[in-house]
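In what follows, every chain begins at residue 1, and chains take the letters A, B, ... in the order their sequences are listed.
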Amino acid sequence: MNNKENQISASNRLDKAVGLRDKWCGEIGVGDIGEKVTICGWVAKTREHSQHLSFVDVRDRSGMIQCVIDSVVDLHSEYVVKVSGQVTRRPEGTENVELETGSVELTSCEVEVLNSSETPPFSLGKYSEADESVRLRYRYLDLRRSKMLNNLQLRSAINHCARNAMVEQGFTEVETPLLWTPTPEGAREFAVPSRLQKGSFYVLPQSPQIAKQLLMVAGVDRYFQIARCLRDEDLRADRQFEFTQLDIEASFVTMHDILEIVNHVIRKIVMVVRQVEHLAIRTMTWKDALENYGTDKPDLRFGMELVDLGEVFRETQFRAFQAEVVKAIVVEDGASLSRSRLDQLVDRAKELGALGLVWMKIGSVGVPGNSSSPDHPNSLEDIISIESPVAKFLQDHEKEQLISKLGLSGGELVLVVAGEHRSTCEILGQLRLELGSRLANEANEDALEFVWVVDFPMFDGTDEAGNLQAAHHPFTMPHIEDLELLEINPKAVRSQAYDLVLNGWELGSGSIRIHSNEIQSRVFKSLGITQDQAQERFGFLLSAFRYGAPPHGGFAVGMDRLIALLAREDNIREVIAFPKTQSGLDMMTGAPKALSKRNLQELGLNVGPKPN
RNA sequence: GGACCUGUGGUGCAGCCUGGAGUGCACGCCGGCCUGUCAAGCCGGAGGUCGCGGGUUCAAAUCCCGUCAGGUCCGCCA
């Protein structure tokens, strides 16, 4: 992983006085030649040549410097040392271009061992990769690796940048409670037993959503917070129990304003960590995203868009294509895929819920009237050759239209799925990702394709009781022009909700909120929430809204994901100091753990036997 | 709740399909040699409950069942 550009320089700070030392290891260069300097750090590597010559690499968070020792040394990996020595240009031919400080070294060294170290359980060098569970058990050592320290420094720089960008835009940072009240919608919450009110619980907030809306009622007008959010849901590569959001809410704004506010922050961050001057941030509707990419979080680093073949097969005799929609993706040069790979793709499509997957290998595509064989002028086989299990069911004109609609020139693989609209798009979208991820990485590993997805549907699916569910959350404002559909055709109502997507990762979401009690009641009604239920669940919010709630809306940026992508990591654990495993365990501390009887008693808890 | 992959000296792996002595590689560690290395080199050495439990078998790292742990994904994440 190339972290060079992400490395936040340790210089440019006010703290030139750095305690026991007067230089950072990684910042010693030719400009210091002749100086006598003192550094502190860990022994990264010793190379003992003889009793008269040893090389000791000393590392701190800024980098590494080679120290030349011309006597016997008793230094081992990860010993903590203070070294005073003369910065010297390395002898001709011994420079190390791999090392930032590779043209100099410290000579005439005086070494003080500040602390010894046991042999670490795994090597902290850049060429070794320990299993993640071992790394997590010894996280304090794992974090000592330069890649991880760089990630932490990158994270700090991004947070700093985000804070500045928000303050610049007139936002006030407000902290909100971690001990909050249950809000029965949404993610599963972590409960915290109350000692003073035995039998009652606080919950940890899944986000500061309601608190920030109350701040708008209060007149804060522009709020932000780098907030910890907690959700007791299953973990993933891009999901931890606790994660960090740049949480934003503003009053008297439109969706457009919110997008611009967030764009400003994103552009600042990308400018600082990637030196990108004019970052393009696109916008597309949810409908277009689904239609063309089969997902609400499109990865725009590569094409391979979904193509509608409805017109081509409008009157087809082929049963499987007599469906609500017929869509396809084209895999360039995919005609060379093996039969077993194609079978895998078919299986994968079925796994994703498709009735089937039709593949077509496109052979030659000639030009009509250009036949080289005068005996068989322009027979279709001369012009187009399609190898497919279903080729015999397709009419000639269907094949011709297919070729022109998809712009085929030969050598491609076409994958066709037919069925119900939404699922067909999503299945092809998934196949597109799986077949295209290689393209995405090859294209440009530094690519940052930000896109706003807007005009989400207001409702999405139903709960067990058959009630509609809010796609975003129940305080999301419907599109004004769709308001009248709320009672007639709720599924067609678009909301003023929007997601920010980066390279196919959902970076966050937001919406304009409902500030009118009248509209809120109608939305609750659509969701099957009665007045009484609403009062019970969100009573304090509804009360607040009776005292002059301003129009408002907001957004939250998932910082872990943003930082991971900017650090070129495909896992957010790599940018979190102390993450948990997929089963929610902390390998280092052993948490979660049983509490003592006394603790439990104090909390008024009665824990039954461990379930099997 | 479900699917798949993984678990072998301190670390990373091979061995497993097709059962036959803990058999191998690399790194690290310990000792020795070595005056310009930098993932140093050379020589020697130590280090193992093959995750755990059960089963099949004359015999299990290897086959079967269960279980624990790690990972990826589906469900879940308003």
For B:U72 and B:U57, measure between their P atoms and round to the nearest Å.
-> 40 Å
Looking only at atom types and distance, does a side-chain atom of A:Ser511 sit under 3.5 Å from a main-chain N or O of A:Arg513, one as donor and one as acceptor?
-> no
Taking atom C1' in both B:C73 and B:G41, what distance in whole Å separates the two?
-> 46 Å
Please list, pair by pair, any protein nitrogen or oxygen found under 3.5 Å from a nitrogen or oxygen in nucleotides 5-10 of chain B.
residue: B:G10; atom: O2'; partner: A:Pro121; partner atom: O; Å: 2.7

Please determine if A:Arg561 and A:Glu506 form a salt bridge, counting it only when a charged side-chain N lies under 4.0 Å from a carboxylate O.
-> no
Here the distance between atom P of B:U11 and atom CG of A:Leu141, to the nearest Å, is 13 Å
Does the pair A:Asp455/A:Lys287 count as a salt bridge with the N-to-O cut at 4.0 Å?
-> no
Using whole Å, report how far CZ of A:Arg348 lies from C1' of B:A3.
-> 10 Å
Pairing partner of B:G75 (Watson-Crick or G-U wobble, both distances under 3.5 Å) | none
Pick the P atom in B:U56 and in B:C25, then give their distance to the nearest Å.
-> 36 Å
Can you tell me how far C1' of B:C30 sits from CD of A:Glu118, to the nearest Å?
-> 15 Å
Take atom CG of A:Asn571 as the centre, draw a 6.0 Å sphere, and report whether it contains more than 12 heavy atoms from other residues, nucleotides or ligands.
-> yes
Would you say the side-chain atoms of A:Glu420 pair up with the backbone N or O of A:Ser423, donor to acceptor, closer than 3.5 Å?
-> yes
Taking N and O atoms by type only, does the side chain of A:Arg239 place a donor or acceptor under 3.5 Å from a partner on the base of B:C76?
-> yes
If you measure from the Lys or Arg side-chain nitrogens to the Asp or Glu carboxylate oxygens, is any gap between A:Arg47 and A:Asp57 under 4.0 Å?
-> yes
Which protein N or O atoms sit under 3.5 Å from an N or O of nucleotides 70-72 of chain B?
residue: B:G70; atom: OP1; partner: A:Thr581; partner atom: OG1; Å: 2.6
residue: B:G70; atom: OP1; partner: A:Ser583; partner atom: OG; Å: 3.3
residue: B:G70; atom: OP2; partner: A:Ser583; partner atom: OG; Å: 2.5
residue: B:G71; atom: OP1; partner: A:Gln582; partner atom: N; Å: 3.3
residue: B:G71; atom: OP2; partner: A:Gln582; partner atom: N; Å: 2.8
residue: B:G71; atom: O3'; partner: A:Arg573; partner atom: NH2; Å: 3.2
residue: B:U72; atom: OP1; partner: A:Asn571; partner atom: ND2; Å: 2.7
residue: B:U72; atom: OP1; partner: A:Arg573; partner atom: NH2; Å: 3.0
residue: B:U72; atom: OP2; partner: A:Arg573; partner atom: NH1; Å: 3.4
residue: B:U72; atom: O4; partner: A:Gln582; partner atom: OE1; Å: 3.3

Nucleic acid contacts of residues 534-545 of chain A, taken as heavy-atom distances under 4.0 Å to RNA chain B | none
Indicate yes or no: does A:Arg231 engage A:Glu242 in a salt bridge with an N to O separation below 4.0 Å.
-> no
How would you list, by chain and number, every residue that makes a ring pair (Phe, Tyr, Trp, His ring centres under 6.0 Å) with A:His421, sequence neighbours excluded?
-> none
Between B:G75 atom P and A:Gln469 atom CD, what is the distance in whole Å?
-> 14 Å
So, are A:Asp299 and A:Arg301 salt-bridged, with charged N and O less than 4.0 Å apart?
-> yes
Between B:C29 (P) and A:Leu75 (CG): distance, integer Å | 13 Å
Determine which nucleotide pairs with B:A26, using a 3.5 Å limit on both distances of a Watson-Crick or G-U wobble pair.
-> B:U11
Euclidean distance for C1', B:G66 against B:G12 (whole angstrom) | 29 Å
Could you state the CG-C1' distance from A:Asp234 to B:G2, rounded to the nearest angstrom?
-> 11 Å
A:Arg59/A:Glu78 ion pair, N-O < 4.0 Å | yes
Check whether any side-chain N or O of A:His76 sits under 4.0 Å from OP1 or OP2 of B:G28, and answer yes or no.
-> no
Pair partner, B:A69 [Watson-Crick or wobble, under 3.5 Å] | B:U6
Using the P atom on both, measure B:C42 against B:U37 and round to a whole Å.
-> 15 Å
To the nearest 0.5 Å, tell me how far A:Met588 CE sits from A:Leu141 CG.
-> 10.5 Å
Across all strands, who's sitting opposite B:U56 as a Watson-Crick or G-U wobble pair, both distances under 3.5 Å?
-> none
Given A:Gln430 and A:Glu426, is the side chain to side chain donor-acceptor pair (under 3.5 Å) satisfied, shown in steps?
-> CA-CA 6 Å; A:Gln430 187 58 41; A:Glu426 287 174 349; over 6 Å; no
Whole-Å P distance, B:G19 and B:G10 | 29 Å
If you look only at pairs with a residue in residues 520-543 of chain A, which of them pass as a ring-ring contact (aromatic ring centres under 6.0 Å, His included), with sequence neighbours excluded?
-> A:Phe475-A:Phe538, A:Phe524-A:Phe538
Nucleotide by nucleotide, nucleotides 35-43 of chain B touches protein heavy atoms under 4.0 Å in the pattern (B base, S sugar-phosphate only, - none) BBBBBB---
For A:Phe555 and A:Lys212, work out which heavy atoms get closest and say how close.
-> O-NZ, 3.4 Å
If the P atom of B:C77 is compared with that of B:C5, how far apart are they to the nearest Å?
-> 28 Å
Provide the distance between the two C1' atoms, one in B:C34 and one in B:C17, to the nearest whole Å.
-> 47 Å
CG of A:Asp238 versus C1' of B:C77: gap in Å, rounded?
-> 10 Å
When rounded to whole Å, the CD to P distance for the pair A:Glu129 and B:C13 reads 10 Å
Mate of B:C33 where both pairing distances stay under 3.5 Å, Watson-Crick or G-U = B:G41
Polar side-chain atom of A:Glu48 near backbone of A:Ser54 as donor-acceptor pair, under 3.5 Å = no
Axial cation check for A:Phe302 ring with A:Arg432, 6.0 Å and 45° limits = yes
Residue met sooner reading RNA chain B from 5', once A:Ala130 and A:Glu233 are mapped to nucleotides | A:Ala130
